[in-house]
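We name chains A, B, ... by the order of the sequence lines, and we start the count at 1 in each one.
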2 protein chains.
Amino acid sequence: MAQMLTQTFNTRAIKTQINGSKIAPVHPVSDQFGEIAGYVGLIATEFSYRKDEEIYGEDEPAEYVYQVVSGAVRSYKLLSDGRRQIGSFHLPGDVFGLESGPAHRLAAEAIIDTTVRLVKRSSLEKAAGTDVLVARKLWTMTAGELRHAEDHMLLLGRKTAMERVATFLLEMDRRLAVASMMALPMCRRDIGDYLGLTLETVSRALSQLHAQGILGFSGARQIVLRNRQRLHNLDA
Amino acid sequence: MAQMLTQTFNTRAIKTQINGSKIAPVHPVSDQFGEIAGYVGLIATEFSYRKDEEIYGEDEPAEYVYQVVSGAVRSYKLLSDGRRQIGSFHLPGDVFGLESGPAHRLAAEAIIDTTVRLVKRSSLEKAAGTDVLVARKLWTMTAGELRHAEDHMLLLGRKTAMERVATFLLEMDRRLAVASMMALPMCRRDIGDYLGLTLETVSRALSQLHAQGILGFSGARQIVLRNRQRLHNLDA
DNA sequence: CGCGGGTTTGAGGCGAGTCAATGAGAGTGG
DNA sequence: CCACTCTCATTGACTCGCCTCAAACCCGCG
């Protein structure tokens with residue numbers, strides 16, 4: 001299996017080894033991996049990426065499907081002049097990189113040091129070809145991404161800067177708050193590129209919310225929401 | 001079947017009958033309907049909507065899946081104060097209203113008088129439960145919508161007004177041009193709400209493209225692209 | 001023909017972007 | 001343990017692209 005990895009991962013495996021990431025031993029799919037597919041016969045492998053390391057590029061063949069174990073990932077598209085739109089952030093437990101077609105439509109990078117679990121796309125395809133429950137699960141996961149994208153189109157097309165930031169805070173609060181505190185893994189530029197704003201506009205909105213007592217800081221990326229209701233009111 | 005329709009369509013069927021739409025006789029799925037599912041046993045019905053008539057509302061139970069036969073449909077979300085984001089336009093041949101979950105996440109309205117073919121969602125679910133090819137087709141269709149949404153997020157978050165209009169024109173040219181002429185079914189406000197712009201900004205961009213000789217008008221909604229290459233250059 | 005909705009065009013305002021400087025931590029090495 | 005550095009974040013001043021408001025125009029349709 002270690003041999004299979006070096007074959008199939010080629011450049012990425014080499015790069016990751018240079019970066020000092022470990023390759024976890026092969027093991028059967030555990031319950032925790034049920035999000036991708038809780039079925040015997042699927043091989044899950046762990047893999048690690050360093051901060052800002054590319055996991056896959058836009059239009060690259062979609063060979064694997066990933067689940068974040070720890071860390072955080074951004075999926076994005078670029079325009080030719082470098083303008084970037086982040087489509088989604090992937091946090092621990094999230095599955096990403098799932099494609100129905102042959103290629104990844106967004107690139108993916110580790111926001112911070114990140115460990116993922118992955119399975120070969122062909123394994124999933126094969127399982128889906130014989131098991132309608134697997135097929136249904138794949139559809140449902142893609143539909144979940146579509147739901148998020150539809151909500152995000154409304155944000156990008158029609159919300160004001162303050163509404164976008166309020167939406168973002170409530171989303172992150174829901175997805176990664178522990179004990180009412182959230183530790184954002186991403187920088188202001190990432191947030192801006194997710195919300196269709198500049199990093200300065202994001203910073204100004206956060207400062208304004210801080211001044212109004214709606215949130216508290218413990219360092220720029222440790223945020224406590226002090227009044228979710230008022231935040232909801234700011235979110236259209 | 002007519003009885004089934006009045007039962008299952010309730011208010012919509014009544015409204016449509018008042019509007020004078022016809023209810024087509026039940027018939028087996030034809031080859032043309034293969035986009036939804038070319039399988040024996042699925043019942044397709046035709047239904048018509050008048051200009052601006054609602055086909056289904058946001059968060060309404062997703063009982064049917066639709067395919068445009070003729071006309072055009074807009075799918076959109078609204079903010080509480082009326083701001084609208086159109087997620088996509090559905091043109092003849094397009095399938096819309098397909099959901100993995102229980103409810104429609106966007107509302108749908110006929111842009112002009114429109115005829116659709118529809119099948120019960122439960123029929124598709126049932127077919128997908130026994131036939132992995134049907135299941136695969138449903139997944140692929142949802143993945144296609146996701147691809148469009150991802151491209152559109154990039155447009156809404158990062159493109160300029162002129163780039164958005166150029167992208168729109170190329171999309172419509174690809175999807176509905178006949179003999180290099182496209183007859184837009186939607187008004188400037190719809191285009192603006194699709195592109196995250198105001199109708200005035202859309203109009204100004206089109207006027208500018210006209211002045212540059214990149215497109216020609218035969219009435220405000222009949223457009224000929226005279227230089228696709230320059231339009232591509234304007235689209236980031 | 002003559003409405004009337006839809007479109008175009010103009011003038012001015014404003015929200016977010018740009019450019020620039022300062023500030024605050026986190027990590028590093030002496 | 002502190003000084004240094006470097007990245008990231010904040011804040012300010014100014015600009016600008018798109019929005020708003022308003023008026024004129026143009027067809028398409030009855």
Side-chain angles (χ1 to χ4, degrees), chain A residues 50-52 72 74 79 81-85 111-113 155-169 183-212 215-223 234 236, chain B residues 50-52 72 74 79 81-85 111-113 155-169 183-212 215-223 234 236:
Chain A
R50 310 187 79 186
K51 174 174 154 66
D52 295 326
R74 55 182 172 250
L79 292 176
D81 63 358
R83 280 173 287 173
R84 181 179 66 162
Q85 179 61 46
I111 296 173
I112 53 179
D113 290 355
L155 178 149
L156 294 171
R158 288 304 180 212
K159 290 188 182 180
T160 66
M162 185 55 81
E163 288 166 350
R164 295 179 201 207
V165 171
T167 304
F168 170 76
L169 288 171
L184 298 178
M186 72 290 285
C187 66
R188 297 291 188 263
R189 178 175 296 280
D190 286 342
I191 298 173
D193 285 351
Y194 179 58
L195 300 179
L197 300 170
T198 60
L199 64 94
E200 292 95 332
T201 298
V202 171
S203 179
R204 279 185 246 270
L206 290 173
S207 294
Q208 196 176 328
L209 293 172
H210 185 225
Q212 294 176 244
L215 59 80
F217 282 112
S218 304
R221 299 194 191 178
Q222 303 274 328
I223 296 181
L234 290 176
Chain B
R50 309 187 79 184
K51 175 172 152 64
D52 295 326
R74 55 182 171 249
L79 293 176
D81 62 358
R83 280 174 288 173
R84 182 179 66 161
Q85 179 62 45
I111 295 173
I112 53 179
D113 290 355
L155 178 149
L156 294 171
R158 288 303 181 211
K159 290 188 182 179
T160 66
M162 184 56 81
E163 288 166 349
R164 295 180 202 208
V165 171
T167 304
F168 170 77
L169 288 171
L184 298 178
M186 72 291 285
C187 66
R188 298 291 187 265
R189 178 174 296 280
D190 286 342
I191 299 173
D193 284 351
Y194 179 59
L195 300 179
L197 300 170
T198 59
L199 65 92
E200 293 94 332
T201 298
V202 171
S203 178
R204 278 184 247 270
L206 290 173
S207 295
Q208 197 177 327
L209 292 172
H210 185 226
Q212 294 176 247
L215 58 82
F217 282 112
S218 305
R221 299 195 192 179
Q222 302 273 329
I223 296 181
L234 290 176

Engineer: Give the rounded distance in Å between these two atoms: CD1 of A:I191 and C1' of D:dT10.
Structural biologist: 14 Å
Engineer: OP1 or OP2 of C:dT9 versus the side-chain N and O atoms of B:S207: is any pair under 4.0 Å?
Structural biologist: yes
Engineer: Report yes or no: does B:R158 contribute a side-chain atom to a donor-acceptor pair with the main-chain N or O of A:R84 at less than 3.5 Å?
Structural biologist: yes
Engineer: Could you tell me the separation between the CG atom of A:L169 and the CG atom of A:L206, rounded to the nearest 0.5 Å?
Structural biologist: 6.0 Å
Engineer: Among the nucleotides D:dC19, C:dG17, C:dT8, which one has an atom lying closest to any side-chain atom of B:T201?
Structural biologist: D:dC19
Engineer: Rounded to whole Å, how long is the line connecting atom CG of B:L215 with atom C1' of C:dT8?
Structural biologist: 14 Å
Engineer: Quick one: B:R188 CZ to D:dC25 P, roughly how many Å, whole number?
Structural biologist: 19 Å
Engineer: Measure from the side chain of B:E200, starting at C-beta and using heavy atoms only, and say which of D:dT11, D:dC8, C:dT9 lies closest.
Structural biologist: C:dT9
Engineer: For atom CZ of A:R189, is the number of surrounding heavy atoms from other residues, nucleotides or ligands below 6.0 Å larger than 12?
Structural biologist: no
Engineer: Between the main-chain N or O of B:Q85 and the side-chain N or O of B:D193, is there a donor-acceptor pair closer than 3.5 Å?
Structural biologist: no
Engineer: According to side chain to side chain contact (heavy atoms under 4.5 Å, CB included), who are the partners of A:T160, at least two apart in sequence or on a separate chain?
Structural biologist: A:M162, A:E163, B:R83
Engineer: Among the nucleotides D:dC8, D:dT10, D:dC19, which one has an atom lying closest to any side-chain atom of A:C187?
Structural biologist: D:dC8
Engineer: If each of B:L199 and A:G219 is mapped to the nucleotide of DNA chain C with the nearest heavy atom, which maps nearer the 5' terminus, i.e. the 5' end?
Structural biologist: B:L199
Engineer: Looking at D:dA9, C:dT7, C:dA16, which one has an atom nearest to any side-chain atom of A:T160?
Structural biologist: C:dA16
Engineer: Let me know the distance between CG of B:L209 and P of C:dT9, rounded to the nearest Å.
Structural biologist: 12 Å
Engineer: How long is the line joining CD of A:Q222 and C1' of D:dA9, in whole Å?
Structural biologist: 15 Å
Engineer: Using whole Å, report how far CZ of B:R189 lies from P of C:dT7.
Structural biologist: 10 Å
Engineer: On DNA chain D, check which nucleotide each of A:R204 and A:R158 is closest to and give me the residue with the more 5' one.
Structural biologist: A:R204
Engineer: What nucleotide, of C:dT18, C:dT7, D:dA9, holds the atom closest to the side chain of A:R221?
Structural biologist: D:dA9
Engineer: Have a look at A:G196 and say if it touches a base, only the backbone sugar-phosphate, or nothing, with a 4.0 Å heavy-atom cut-off.
Structural biologist: sugar-phosphate
Engineer: Tell me: CG of A:D81 to P of C:dT18, nearest whole Å?
Structural biologist: 11 Å
Engineer: To the nearest angstrom, how far is A:H210 atom NE2 from C:dG23 atom P?
Structural biologist: 18 Å
Engineer: If you only use heavy atoms from C-beta on, which nucleotide in D:dA9, D:dC18, C:dT7 is closest to the side chain of B:L197?
Structural biologist: D:dC18
Engineer: DNA chain C: A:V202 or A:A220, which has the more 5' nearest nucleotide?
Structural biologist: A:V202
